[in-house]
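Positions are given from 1, in the same order as the sequence printed here.
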Amino acid sequence: MTVTSKAMGGQPWHINLAWCFSTLPELGFMFLGIPFLRRFGLKAMVLVGIFSNALRWFWVSQATGLPQIYASQTLHGIMVVGLMTGQSLCLARLLPPGRQASGMAVASILNGGVAGILGSSIAGWIWQTWSLRAVYGVAGVVLTLSGVLFWVFVPNLEAAPAPEA
């Protein structure tokens, strides 16, 4: 995000503004996530999270100005609610009660540690080999493929009861 902002004539404070565009809608999406989960189910919630993030990265890869970057950032909130919350609910549903904490810990290690290191290494190589736009485009492709695999291979999961709003 930093390089994209700078390349488009932005200043360091534009990064803060971009995160405002992602975090503020995220709060609203969290409240909307409960009725969405009840109506469409857990699998749909995760798929919306995956595909909204894929769209976000495709959009960033084609952005020509900061307003497009800011607009794409609103999709971050949908991703957090759909994918991150959905993942936790999936694990809570799939794992036996005595293994849920361990499963969440493993998911955190994989998401934040392994995926972060591997993803950053691959992104650096793509950036050096092609371009920064290619990094975002490849991220969009990987997420799209992940979403298709999730859609095809993960069974519909009954969501654990959502908390009362």
[atom1]-[atom2] distance between [X] and [Y], expressed to the nearest 0.5 angstrom:
| X | Y | atom1 | atom2 | value |
| --- | --- | --- | --- | --- |
| Leu17 | Ile69 | CG | CD1 | 12.0 Å |
| Ser52 | Trp57 | OG | CH2 | 11.0 Å |
| Asn53 | Leu83 | CG | CG | 7.0 Å |

Expected list for residues 42-51: side-chain donor-acceptor pairs under 3.5 angstrom, two or more places apart:
unit_1, atom_1, unit_2, atom_2, d
Lys43, NZ, Trp151, O, 2.6
Lys43, NZ, Val154, O, 2.4

Say whether Leu132 and Leu143 are linked into one hydrophobic cluster, either directly or through other cluster members, by side-chain heavy-atom distances under 4.5 angstrom.
-> yes
Flag yes if Leu89 and Leu91 sit in one hydrophobic cluster, no otherwise; membership is Ile, Leu, Val, Met, Phe, Trp, Tyr, and two members link when side-chain heavy atoms are under 4.5 Å apart.
-> no
Have Gln68 and Ser72 got a donor and an acceptor in their side chains that come within less than 3.5 Å?
-> no
Not counting sequence neighbours, list each pair that qualifies as a ring pair (Phe, Tyr, Trp, His ring centres under 6.0 Å) and has a residue in residues 89-125.
-> Trp125-Trp130
Just list the side-chain donor-acceptor pairs under 3.5 Å for residues 20-37, sequence neighbours left out, or say none.
unit_1, atom_1, unit_2, atom_2, d
Ser22, OG, Trp19, O, 2.9
Thr23, OG1, Trp19, O, 2.9

May I have the list of side-chain donor-acceptor pairs in residues 103-124 shorter than 3.5 Å, sequence neighbours left out?
unit_1, atom_1, unit_2, atom_2, d
Ser108, OG, Met104, O, 3.1
Asn111, ND2, Gln87, OE1, 2.9
Asn111, ND2, Ala107, O, 3.3
Ser120, OG, Gly116, O, 2.8
Ser121, OG, Ile117, O, 2.9

Results of side chain to side chain contact (heavy atoms under 4.5 Å, CB included) for Gln100 - residues two or more places apart only | Ala92, Leu95
Show which residues join Val141 in its hydrophobic cluster (side-chain heavy-atom contacts under 4.5 Å, direct or indirect), or state none.
-> Phe58, Leu145
Could you tell me which non-hydrogen atom of Gly140 sits nearest to which non-hydrogen atom of Ala54, and how far apart they are?
-> O-CB, 3.7 Å
When you measure from the side chain of Arg133 to the backbone N and O of Ala63, does any donor-acceptor pair fall under 3.5 Å?
-> yes
Report yes or no: does Ser88 contribute a side-chain atom to a donor-acceptor pair with the main-chain N or O of Met84 at less than 3.5 Å?
-> yes
